[in-house]
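Here the structure comes first, spelled out in structure tokens, and everything after it is commentary.
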Amino acid sequence: MMQIFDTMQNRLVDLETRDPNHVSIYACGPTVYDVPHLGHARTALTYDLLKRFLMWSGYTVTLASNITDIDDKIIERSAREGISENELSSTYTKIYIDQLREFGVADPDFRPLATEYVEEMLAIITQLFEQGAAYEIEGHGVYFDVDSLADYGALAGRTVNELRESAQARVASEEDKQDPLDFALWKSAKPGEPTWDSPWGPGRPGWHIECVAMSLHLLGDGFDIHGGGSDLAFPHHENERAESEASGHSFARYWMHSAMLNVNGEKMGKSLGNFRTLGDALAQYGPRPLRLAMLQAHYRSLMELSDETMKGAIGGIERIDAFFRRMLGADIQETSIDTEAKDRFMSAMNNDLGSPDAIAVVFETINSGNAALDDKNIKEASMALTTVSELLEVLGLSKDTVDSDEEIDSLVSEREAARASRDFAAADRIRDILKDRNIEIEDTPNGPLWRKI
RNA sequence: GCGUCGGUGCCCGAGUGGCCUAAGGGAGCGGCCUGCAAAGCCGUACAAUCGCGGGUUCAAAUCCCGCCCGGCGCUCCA
């Protein structure tokens, strides 16, 4: 059985799903006011990996991942750029989706937009009123009363009083909130802002309510896993939980949080110059090395993404691809998977998504497959190939399509002819020509192969 | 300041009481293979030690206490 680290219980727990053989997951996506950075990619990758692994384990999985397309930052930025909120958010939504696809993150089953769930949000706010968990402040909006949730603060590992102390030590609120911890469910309309009608007058959604509306609508009460970046645990997730539970809906059974990512020793978002956007990193390193680098770190540990890390990951991908190239030339048989390797891979992943360990199993299998091929042990080599292919599929690291190019093929043939007549000077000349075009030749017992470098 | 997670070789990282004489990958070095390469295989140095100092235990990288350093949170944030 899979174990995951549940933020709520603050420990590793067995994943016991609401429905047998089905897992419902809600992963918090970005607020689209700018291009995605590597941190967004890491978070999305975590839940992509979780889904792939659970499906491979035999579950059916429903993954919902939202796009928040209305919030203060979006309003601010679109005003500054003189375009509509919708124009701004749809531009960045498209970039986000395109780049995640390029990165190899599969589309979630649902990708809800906050602006399409205002009805559902209003319904929940109504329910909160009915439960006495919400109150209105004239001119400001509707607020949530944190006393409505007995263990408010549990996700942050703190009591309400501890939170209150911190909160009071900070900004005194301008509104007449009953408690400094209370937060807006519905914000009254302000000039120049997009608004929706509501029983409490025109306004727009407040904090966190969009995720509650979308997750409950798409996955139902008591869905299995709610995830996101660790920076969202408090207050975002805590408040979602409060809103949901207080309105009478049981919320997520488990909470998962993926850790942050630093680039070249600097926090994301503050460094300039260096790549920090997903787009730049994809262009610089390619999707697969980037993915390998991220998967070689555990999702719950802070990750440093440096040039050196990437150098290592590029080497790793090359090793994987070289293995496939070699096998391509071998007389491979149809075989079953190596159950020993599969079991080790599975127990690594069952242990709170232990991808670094799981990847170690893949590399070990590549090694034994290569060794088997050297020994002309085709059966074992074939089994290693089957195993590596299947496991890489689970990790989303499968080999790209094979390169093909007629002109290069003909140069390679020319070189083969020269080699056959032992005209090595001519053969090396052709190899140099190809090298100038970033093509590297590998001579194998089954003939030459080439690849882009 | 309070809470929380973490600090393992040159780099990335696994390991959470005995199988650790610390996995795996990358980079390094030597050998084999090759016309030469590339890829691959084999071997090998680098952790007498796992941030530092105490403690518990027959036994600790793994548990406890203190300290140092870093991430995240304390109503923007993946």
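- Counting only N and O atoms by type, the side chains of A:Asp69 and A:Tyr92 include no donor and acceptor under 3.5 Å apart.
- Taking atom P on both nucleotides, B:rC41 is separated from B:rA27 by 12 Å, rounded to a whole Å.
- Nucleotides B:rA48 and B:rC42 have their P atoms positioned 26 Å apart, rounded to a whole Å.
- B:rG3 sits 11 Å from B:rG66 when the P atoms are compared, rounded to a whole Å.
- Partners of A:Lys379 under the side chain to side chain donor-acceptor pair (under 3.5 Å) rule, at least two apart in sequence or in another chain, do not exist in this structure.
- A gap of 14 Å separates the P atoms of B:rA23 and B:rA14, to the nearest Å.
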Would you mind writing out the side-chain donor-acceptor pairs for residues 385-394 of chain A within the sub-3.5 Å range, not counting sequence neighbours?
unit_1: A:Thr386; atom_1: OG1; unit_2: A:Thr335; atom_2: OG1; d: 2.9
unit_1: A:Thr386; atom_1: OG1; unit_2: A:Ser382; atom_2: O; d: 3.0
unit_1: A:Thr387; atom_1: OG1; unit_2: A:Asp338; atom_2: N; d: 2.9
unit_1: A:Thr387; atom_1: OG1; unit_2: A:Met383; atom_2: O; d: 2.7
unit_1: A:Ser389; atom_1: OG; unit_2: A:Leu385; atom_2: O; d: 2.8
unit_1: A:Glu390; atom_1: OE2; unit_2: A:Trp56; atom_2: NE1; d: 2.7
unit_1: A:Glu393; atom_1: OE1; unit_2: A:Ser398; atom_2: OG; d: 2.8

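- Under the side chain to side chain donor-acceptor pair (under 3.5 Å) criterion, A:Glu238 pairs with A:Arg241, sequence neighbours left out.
- If you check B:rA23, B:rC5, B:rA78 against the side chain of A:Pro30, the one that comes closest is B:rA78.
- For A:Tyr254, there are no side chain to side chain donor-acceptor pair (under 3.5 Å) partners, not counting sequence neighbours.
- The A:Ser230 side chain lies nearest to B:rC72 when the options are B:rG73, B:rC76, B:rC72.
- Scanning for side chain to side chain donor-acceptor pair (under 3.5 Å) contacts around A:Asp147 gives A:Arg164, with sequence neighbours left out.
- The side-chain contact (heavy atoms from CB on, under 4.5 Å) test applied to A:Lys190 returns A:Glu193, not counting sequence neighbours.
- Remark: the A:Tyr285 side chain and the A:Asp307 side chain contain an N/O donor-acceptor pair separated by less than 3.5 Å.
- Rounded to whole angstrom, the span from the CG atom of A:Asn262 across to the C1' atom of B:rC5 amounts to 14 Å.
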Under a 4.0 Å heavy-atom criterion, the protein footprint on nucleotides 10-21 of chain B, written with B, S and -, is -SSSSS------
At under 4.0 Å between heavy atoms, which parts of nucleotides 33-42 of chain B does protein reach? Answer with one letter per nucleotide, 5' to 3': B base, S sugar-phosphate only, - none.
--BBBBSSSS
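- Among the duplex regions that RNA chain B forms, those built from at least three successive Watson-Crick or G-U pairs under 3.5 Å are B:1-7 with B:68-74, B:10-12 with B:24-26, B:28-32 with B:40-44, B:51-55 with B:63-67, ordered by first number.
- Atom NE2 in A:His237 sits about 10 Å away from atom P in B:rC77, given to the nearest Å.
- In this structure, a donor-acceptor pair under 3.5 Å is present between the side chains of A:Asp14 and A:Gln3.
- Among pairs with a residue in residues 25-39 of chain A, those fulfilling salt bridge (charged side-chain N to carboxylate O under 4.0 Å, His left out) read A:Asp34-A:Arg77, at least two apart in sequence or across chains.
- The stretch residues 434-447 of chain A participates, sequence neighbours left out, in these salt bridge (charged side-chain N to carboxylate O under 4.0 Å, His left out) pairs: A:Arg325-A:Glu442, A:Glu407-A:Arg437, A:Arg415-A:Asp443, A:Arg419-A:Asp443, A:Lys435-A:Glu440, A:Glu440-A:Arg451, A:Glu442-A:Arg451.
- Here B:rA78 presents its C1' atom at 14 Å from CG of A:Asp71, a figure rounded to the nearest Å.
- Rounded to a whole angstrom, the distance from the C1' atom of B:rA60 to that of B:rC77 is 39 Å.
- No N or O donor and acceptor, one from the side chain of A:Arg300 and one from the base of B:rC5, sit under 3.5 Å apart.
- Distance CG (A:Leu278) to P (B:rC77): 20 Å, rounded to an integer number of Å.
- Looking at heavy-atom distances under 4.0 Å, A:Gly354 makes no contact with the nucleic acid at all.
- Distance check on atom C1': B:rC72 versus B:rC65 gives 25 Å, rounded to whole Å.
- Only the C1' atoms considered, B:rG53 is 16 Å distant from B:rA61, to the nearest whole Å.
- Contacts of A:Val412 classified as side-chain contact (heavy atoms from CB on, under 4.5 Å), with partners at least two apart in sequence or in another chain: A:Ile408, A:Leu434, A:Ile441, A:Pro448, A:Trp450.
- Remark: C1' of B:rA78 and CD of A:Glu210 are 14 Å apart, rounded to the nearest angstrom.
- The gap from the C1' atom of B:rG7 to that of B:rU16 amounts to 15 Å, rounded to the nearest Å.
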